[in-house]
Participant: 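Take a look at this one; I'll ask things after.
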Protein chains: 2
Amino acid sequence: MPKAPTQRIAILLYPGFTALDAVGPYEMLSRIPGTETVLVAERPGPVANDNRGFALVARAGLDEVSRPAVVLVPGGRDVSGQLRPGPVLEWLREADRHSTWTTSVCTGSLILGAAGLLAGRRATSHWLYREDLSRYGAVPTRERVVTDGKYMTAAGVSAGIDMGLTLAGLLAGDRTAQEIQLVAEYDPHPPYDAGSPEKAPAGLVARWRAAKPPLPPV
Amino acid sequence: MPKAPTQRIAILLYPGFTALDAVGPYEMLSRIPGTETVLVAERPGPVANDNRGFALVARAGLDEVSRPAVVLVPGGRDVSGQLRPGPVLEWLREADRHSTWTTSVCTGSLILGAAGLLAGRRATSHWLYREDLSRYGAVPTRERVVTDGKYMTAAGVSAGIDMGLTLAGLLAGDRTAQEIQLVAEYDPHPPYDAGSPEKAPAGLVARWRAAKPPLPPV
């Protein structure tokens, strides 16, 4: 029997991405047998994140990864530079035409929105930017991982791990996803309970809301 | 008043590290005001992880980061190559002489053990390797994050996020740690409950135990 073709999972990098947005789901998805997870960027090579002194290497340029089964877009502290028309949004639209799953973590959903891919879809984002999804015709939804058709979006940063594991289950079955969870010893016990605006001290939430920079006009 | 000196947090990279072991705590620690998190390796430049096609860039070589306040050693699928005497273990011993915290994620604790830093200490590791800590005179301890003096060790892979947040609280106070948790939206909701050998299907755990490769002699 011929071997099933390897499914490619493309994680998009761009200058200013948040490291854990990409690496959390990477660690879940790259362990799925029969798949290959590729970090892709406008050009191959090191891509700086949204902090100082950190770079992750993109193995492939956009033109080298044309029809991934899964597309994943991480967020970043300031994605306004990624919301303008250009090769990244064009690539996303083209990749989405053939993908099984088009997904995002954190403010990556704004980038999917700017590509025109979330119109009429339920979706989520980082809590500070969730309502901004309506700028792109999406329906902001307060869940950690939101699935609408083949579109899956995760809340802020660390939610990409939960999304990665959810996706692993859908791609490869519950047993494989459970094995990945076991191997990653993903049995979280945060030392604080401040991981959402509903749970965190109100003053912290208010300060972040007050300091939120404006997004560029759509 | 003179500005307090920047505290350096050094995350060690080596060929075969697990990406999330390094990037989970990185994302928590690099957001602490007044600190600088540096990825360090034997030589600066891209360092491949324990999967294919992924590399994280080490900004500094070992000789450039001599007295970090915090040392963090990630694990990897097969760390046997890191347990032998050499420049990495020498650097760890020297860095530990001046550190405020010496820490590890996953099988990184075996590397700390090989450097002679965990003798008589309570410590943890990835569940599959926890008992091997006794090879180095450490006391294997079944907790997600174990603190003994200035030594803090985390369980497998994703436990580094819980450790990073714990450490953030100790370095910068509860309020800062809660803010980091809020910004990272770290309110985990795994879609499965198989994140420890006690909770995962017994067959999976047994298979991993049976396939465990031997560690080199101490």
Participant: Can a salt bridge be assigned to the pair A/D187 and B/K199 using a cut-off of 4.0 Å between side-chain N and carboxylate O?
Facilitator: yes

Participant: Using 0.5 Å steps for rounding, measure from the CG atom of B/N51 to the OG1 atom of A/T37.
Facilitator: 7.5 Å

Participant: Grab the two heavy atoms, one from B/H126 and one from A/L182, that are nearest each other, plus how far apart they are.
Facilitator: NE2-O, 4.4 Å

Participant: For A/W127, is it the side chain, the backbone, both or neither that has a heavy atom under 4.5 Å from a heavy atom of chain B?
Facilitator: both

Participant: Counting only heavy atoms closer than 4.5 Å, note whether B/L165 contacts chain A via side chain, backbone, both or neither.
Facilitator: both

Participant: Check each atom of B/V205 against the heavy atoms of chain A and say whether the ones under 4.5 Å are side chain, backbone, both or neither.
Facilitator: both

Participant: Where does A/I161 contact chain B at under 4.5 Å (heavy atoms): side chain, backbone, both or neither?
Facilitator: side chain

Participant: Minimum heavy-atom separation for A/A184 and B/S158, please, with both atom names.
Facilitator: O-OG, 2.9 Å

Participant: What are the two closest heavy atoms between A/T35 and B/R52, and how far apart are they?
Facilitator: O-NH2, 4.3 Å

Participant: Is it the side chain or the backbone of A/R175 that comes within 4.5 Å of chain B heavy atoms, both, or neither?
Facilitator: both

Participant: Please report the C-alpha distance between B/Y192 and A/D162 in whole Å, then the side-chain angles of each, then the deciding distance to 0.1 Å, and finally whether the side chain to side chain donor-acceptor pair (under 3.5 Å) criterion is met.
Facilitator: CA-CA 9 Å; B/Y192 302 93; A/D162 294 329; over 6 Å; no

Participant: Using every non-hydrogen atom in the two residues, find where B/L20 and A/E27 come nearest and quote the distance to one decimal.
Facilitator: N-OE1, 2.9 Å

Participant: Highest number of heavy-atom pairs under 4.5 Å with chain B: which of A/A55, A/G24, A/A60, A/A200?
Facilitator: A/A55

Participant: Given A/L56 and B/V57, is the side-chain contact (heavy atoms from CB on, under 4.5 Å) satisfied, shown in steps?
Facilitator: CA-CA 6 Å; A/L56 191 52; B/V57 179; over 6 Å; no

Participant: Looking at chain A, which one of B/V23, B/V145, B/L128 has the largest number of heavy-atom pairs inside 4.5 Å, strictly under?
Facilitator: B/V23

Participant: Just so I understand: if I count every heavy-atom pair under 4.5 Å between each of B/P190, B/A19, B/S196, B/G53 and chain A, which residue has the most?
Facilitator: B/P190

Participant: Report the option among B/A155, B/P197, B/P191, B/P201 that has the most heavy-atom pairs separated by less than 4.5 Å from atoms of chain A.
Facilitator: B/P191

Participant: Is B/R144 salt-bridged to A/E185, cutoff N-O under 4.0 Å?
Facilitator: no

Participant: Non-hydrogen atoms of chain B under 4.5 Å away: do they reach the side chain of A/P188, the backbone, both or neither?
Facilitator: both

Participant: Just how far is it from atom CH2 of B/W208 to atom CD of A/E179, taken to the nearest 0.5 Å?
Facilitator: 6.0 Å

Participant: What heavy-atom pair brings B/V157 and A/V183 nearest, and what distance separates the two atoms?
Facilitator: CG2-O, 3.8 Å

Participant: Find the one option among A/D193, A/D21, A/L39 whose heavy-atom pairs under 4.5 Å with chain B are most numerous.
Facilitator: A/D193

Participant: Roughly how far, to the nearest 0.5 Å, is OG of A/S30 from CG of B/D50?
Facilitator: 8.0 Å

Participant: Tell me, for B/D174 versus chain A, whether the close heavy atoms (under 4.5 Å) come from the side chain, the backbone, both or neither.
Facilitator: both

